[in-house]
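Everything below concerns the one structure shown next.
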Amino acid sequence: RPVLRAVIRVTLLKQEPSGKPLTLEGVFVGGSAGYAEGKLMQYHPLSLCNTSEDERQDSDFVTIVKLEHRVPRCLPLLDKARMALDKGAQAVIFDVSDDANAAAELRETESLPRPVVLVEAEGAEELMGLVNKNEEAKVRIEIMVESQRWPHYDV
Amino acid sequence: RIQDRQGSGTPMCPSPCQCEEDGIFVMVDCSELGLSSVPTNLSPLTTYLDLSMNNISEIQPRAFHRLHLLSELRISGNQLRYISGHALQGLHNLKVLMLQNNQLERLPHDAPWDLPNLLSLRLDANLLSEVPAGAFQGVRSLRHLWLDDNSLTDIPVTALDSLPSLQAMTLALNQITHIPDYAFTNLSALVVLHLHNNQIQSMGARCFEGLHSLETLDLNYNDLQEFPLAIRTLSKLQELGFHNNNIKAIPERAFVGNPQLQTIHFYENPIQFVGKSAFQFLPKLHTLSLNGATQIQEFPDLKGTTSLEILTLTRAGLSSLPLDLCEQLPRLRVLELSYNQIEVLPSFYHCSALQEIGLQHNQIRRIESSTFHQLTSLRALDLSWNMIEWIHPDAFAFLHSLIKLDLTENRLSSLPVAGLGGLTHLKLRGNTELYDAFSPDHFPRIRVIEMPYAYQCCVYGSCDSYKSVSQWDTEQSNTDEDLHKRTVPMYPIHTDTNYDPDLEEFQLEIEESKLQTSVQCTPVPGPFRPCDSLLG
Amino acid sequence: HKPISSVSSGCQQGGCLTCSDYNGCLSCKPRFFMHLERIGMKQIGVCMTSCPPGFYGTRSPERNTCTKCRSECDSCFNKNFCTRCRAGFYLHLGKCQENCPEGLVRSDTQRECVS
């Protein structure tokens with residue numbers, strides 16, 4: 001059976017064709033595993049709240065939010081993910097490097113309409129590095145399929 | 001149009017400010033430069049001057065006396081305690097004056113500011129505890145006034161008398177406790193009045209006299225004990241808010257004087273009583289929310305309130321609904337009537353725009369064929385926690401858009417499936433007499449389904465994804481040793497770093513849930529809830 | 001309006017209380033407005049004493065936020081009350097319309113309905 005990990009391939013929009021895409025891994029949340037593609041767009045953690053603006057993007061985009069434990073949660077993370085998807089995101093990437101509770105909070109999830117991925121550590125740092133330098137990029141999210149890992153499940 | 005930058009330190013542009021030419025005029029930005037006083041060598045051709053976010057604690061007299069063409073002056077975010085009338089002499093053309101986020105404790109009264117063309121005055125976020133009677137005598141053209149986030153304890157009635165052109169004002173976030181009669185009597189052009197986040201407990205019956213143009217009145221977050229009857233004179237009112245107050249009753253014909261009302265926000269009030277005619281004749285009202293008004297025994301008479309789209313009337317004492325409910329409310333999209341004592345439902349046939357119906361926690365026993373007939377836009381129907389024993393075979397036949405149906409905790413022994421092919425969520429838990437094992441063909445798009453019994457989930461393949469009982473036992477004994485082996489390869493990135501145990505446990509559980517089929521059927525069969533029905 | 005330098009982004013500006021390299025301001029000092037500014041693909045928090053053109057400020061005991069005006073307004077007092085219109089619209093009693101009520105005429109320089 002497929003394994004719920006995500007492969008995220010990042011290609012800079014203003015890069016020579018030969019440029020090798022950055023690849024990192026993440027973990028899909030709940031039943032949201034799936035394929036998605038779009039321009040990377042950062043959202044401030046406070047932008048996914050009930051009082052937030054309805055900021056529409058013109059092309060397909062993938063939202064990335066760097067979560068910070070110092071920012072009081074205006075909404076549960078699942079609602080933030082749904083709000084991002086409702087705003088038109090093809091997928092949502094949460095950088096949980098600085099928010100240890102995020103992963104646990106997203107455990108009890110019902111099905112999500114589109115992919116929501118958690119990233120952390122070096123992969124997340126590289127991704128956020130691009131954002132910080134405002135280097136426009138396109139991301140492609142795929143399901144990493146692993147070989148069967150639990151033989152004793154074979155019936 | 002702004003053409004090009006002006007070098008700092010030139011005759012037109014005092015150092016260390018930044019300037020831009022605008023034709024023959026110049027726009028000067030001296031913000032966030034640590035200045036402690038107003039630059040002295042400002043050009044008379046300055047039309048825009050930004051001194052915000054500096055350390056200016058005083059404005060020297062005649063600091064701006066040559067700036068006859070200045071249109072906008074920003075001195076917000078400084079340490080100003082007082083600004084005399086002389087300090088602002090010469091600003092004949094000033095239209096916008098921003099003084100917010102200072103420490104202003106008082107305004108001049110004997111020699112007020114002489115700004116004949118001022119349109120917008122920001123005094124918010126200061127320390128004003130009163131406004132002298134004559135403070136605004138020199139700004140008679142004013143349209144927009146910000147006095148919010150100060151320490152006012154009263155409405156500055158006399159000072160406001162000098163502002164016949166005022167159109168928008170906020171007195172929010174102060175400590176006002178009472179609105180006297182004729183408080184705004186001269187403000188005939190006022191369109192917007194914000195009074196939220198004060199401590200208003202009472203108001204004169206004639207306190208809003210004179211506000212002939214008022215469209216928005218915000219009384220939210222106060223301490224009002226009674227319904228604000230004074231609104232009766234506000235014939236142009238469109239948006240009214242008095243949520244988060246202490247009001248216990250909405251009287252009969254409460255809004256008789258406000259036919260233009262579009263929105264009324266009054267949640268978070270201990271409202272017990274609502275006059276039956278309270279919400280009549282509001283042809284532009286599109287949302288009405290009433291929660292917890294326990295003394296409401298009868299459905300309100302909504303004659304003439306024909307544009308209602310969202311009606312929420314929960315936790316009241318309704319036991320029945322008017323038969324002509326939908327004739328009165330043809331545009332209804334959301335009907336939320338949970339937590340009442342409704343026994344019999346009328347036909348919602350004429351509410352053809354209905355998308356959501358919430359009737360949970362009532363006493364409904366039967367659903368007739370006509371109840372939800374022709375509701376082709378209905379997407380969500382919540383009938384949980386009722387006493388429904390019988391549903392007509394065609395009750396759901398025409399609900400082509402229905403995706404969510406909740407019949408939790410009723411008394412069903414059978415469920416008519418005609419019309420339910422589009423469901424993605426179906427909840428039947430708690431119907432203890434419902435034994436049917438529904439075929440997945442009935443619900444081809446289902447994603448979440450709750451059944452009364454675990455064996456009813458077996459048709460969704462939940463059983464074969466689970467080990468037989470014996471295998472279940474052996475699995476338990478060597479879980480720990482298995483745990484490490486399965487997750488590490490899963491996320492090789494972390495082999496050398498101190499990996500977050502929380503995320504690892506989270507991955508493991510995600511694995512488990514993914515092993516099930518894509519339909520989430522509960523209760524999930526297990527050792528004590530085998531696939532074979534105990535009753536054979 | 002504030003045409004010249006936009007507010008310096010990132011953590012240096014005076015109104016910021018807590019800050020992060022990636023998200024800019026996370027919270028503001030009391031009485032400052034939090035504005036979420038989009039710069040290309042980035043969105044950072046900025047703390048200011050008045051919201052930028054095209055936004056209005058809403059104060060509350062918990063937080064002060066900037067919210068976008070209606071599209072036809074260059075500046076506004078609240079969601080339903082404009083104080084200056086975009087080109088092609090004319091202001092009358094807080095509304096920006098393409099035409100003026102009877103008895104008033106359009107002033108292109110002021111973008112208002114005038115008698």
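None of the values given here were measured: they were computed from a predicted structure. Heavy atoms only: backbone and side chains are in, while hydrogens, waters and symmetry mates are out. Within every chain, numbering begins at 1; the chains are lettered A, B, ... in the order of the sequence lines, protein sequences first and strands thereafter.
For the atom pair CG (A:Leu46) and CD (C:Gln43), the distance works out to 9.5 Å, reported to the nearest 0.5 Å. Here the CD-NE2 distance, from C:Glu37 to A:His44, works out to 11.5 Å after rounding to the nearest 0.5 Å. One finds the NZ atom of C:Lys42 at 11.5 Å from the NZ atom of A:Lys133 (value rounded to the nearest 0.5 Å).
Just one of C:Thr18, C:Leu26, C:Asn23 meets the side chain to side chain contact (heavy atoms under 4.5 Å, CB included) condition when paired with A:Val71; it is C:Leu26.
A 6.0 Å sphere centred on NZ of A:Lys138 holds no more than 12 heavy atoms belonging to other residues, nucleotides or ligands.
Considering all non-hydrogen atoms of both residues, C:Ser20 and A:Glu68 come closest at OG-OE2, 2.6 Å.
C:Arg38 places a side-chain N or O within donor-acceptor distance of the main-chain N or O of A:Gln42, the cut-off being under 3.5 Å.
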